[in-house]
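Below is one structure, written out as structure tokens; comments come after it.
Indexing begins at 1, ligand by ligand and atom by atom, following the structure's order.
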Amino acid sequence: MITVIGAGKVGSAAAFDILRYKISDVVLIDANENLAKGEALDMMQAAPAIEFDGTIRGTSDYREMHDSELVIITAGIGRRPDTTRLDLMKTNAQIIRSIVKEVVKYAPESKIMVVTNPVDVMTYVAAQETGFRRCCLFGMGNILDSMRFRTYIANELNVSREDTRALVIGEHGDSMVPLVEYASVSGIPITNLLTNEQIEKIVHLTVSSGADVIKLKGSTVYAPGTVIAITADAILTGRNRVMSVSTCLNGEYGFSDVSIGVPVVIGKEGVEKIIELELSNQTRERFGKSVAALKEALAALSS
Ligand code: NAI
């Protein structure tokens, strides 16, 4: 069973995709009980059409998460015009701390996927609070960035998006690092197919992609929802997919005491393995800056 905490836009989209892809039964938990119940009821009424015979329950009772294999946390507040980034981070950190205490109590054997932003900072906070083994707790951010990178590569070349392969590492935010040197179309490096100007444009679009959607409609919903479901599938089915997730580094890539996006193998045990890639000098420098940005945020959070 999967528990999704936060029945807002992203949590409910993720829950519905988990049902639609028949990945698992879902418990949807939100502080707003009516919202959780209403979303669950709405989804259940679609079940015959999507041929889903399992269960979807909405509640505000954390005890309902017992026996979950995976707990996905999307609860939090969004940014309002009068809140600073730091205020937002502090409020969401408090929400994350209170939620993971419940996870430790009721689903101590589960894996935790943190989605709430700023996701790398929230993953670190959740790791500190739970003491969960590193494999069992990670943040989802770069998987979405990687999908966006793939989308823009395919659009530029007018080829199938399915044939693109690409990863983004680093912060899920402005300092993210699209790995140009490892991006390909059916194994052909994109550097053989695109000019430097085209690649620069794609990298820029990838970095601004989330903000571009938020500027137009206020929040991102479908892409994160689907990506959360795909990641959940990798864990429940043990597919050992290679994806970038936010994980606490312990010397890998030369850094420690920070949670940041790096390529990993995602399977039954959660983060099964961290893949340490050779990085070009330029990429290594960008990754170092991304680590510095996150360490600064963590320092601000504890100040
Ligand atoms: P939303 O405002 O629609 O939903 C948030 C939900 O959390 C609300 O229903 C609220 O009642 C609930 N909530 C707040 N505090 C709670 C608590 N203590 N316990 C239980 N429920 C609680 O927000 P939306 O659009 O769904 O976004 C959720 C989070 O996901 C945000 O932090 C957003 O920035 C983040 N996000 C992360 C992405 C990623 O790639 N990591 C992508 C998109 C969004």
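Geometrically, ligand 1 and His172 share a nitrogen or oxygen pair separated by less than 3.5 Å. Taking any N or O of Met140, backbone or side chain, at least one lies under 3.5 Å from an N or O belonging to ligand 1. Between Thr220 and ligand 1, not a single N/O pair is under 3.5 Å apart. Between Tyr62 and ligand 1, an N or O atom pair is found at a separation short of 3.5 Å. The shortest N/O to N/O separation between Ile5 and ligand 1 does not fall below 3.5 Å. An N or O contact shorter than 3.5 Å links Val10 to ligand 1 by distance. The shortest N or O to N or O distance between Val115 and ligand 1 is below 3.5 Å. At least one N or O atom of Lys9 sits closer than 3.5 Å to an N or O atom of ligand 1.
With a heavy-atom cut-off of 4.0 Å, Ile95 touches ligand 1 through its side chain alone. When non-hydrogen atoms are compared, ligand 1 lies under 4.0 Å from the side chain of Leu35 (C-beta onward) but not from its backbone. When heavy-atom distances to ligand 1 are checked against a 4.0 Å cut-off, Ala75 comes that close through both its backbone and its side chain.
Atom CG of Asp53 has 12 or fewer neighbouring heavy atoms from other residues, nucleotides or ligands inside a 6.0 Å radius.
Residues Glu69 and Lys268 are paired through a salt bridge, judged by an N-O separation under 4.0 Å between the basic side chain and the carboxylate.
Put simply, CG on Asp30 and CD on Glu39 are 9.0 Å apart, with the number rounded to the nearest 0.5 Å. Considering CD1 of Ile2 and CE of Met113, their distance stands at 7.5 Å, rounded to 0.5 Å. We find the CZ-CD1 distance between Phe287 and Ile260 to be 4.0 Å, quoted to the nearest 0.5 Å.
When Ser60, Gly76, Ala31, Ser12 are ranked by how near their heavy atoms come to atom 14 (C) of ligand 1, first place goes to Gly76. Distances from atom 6 (C) of ligand 1 to the heavy atoms of Leu88, Asp30, Val114 show the closest one on Asp30.
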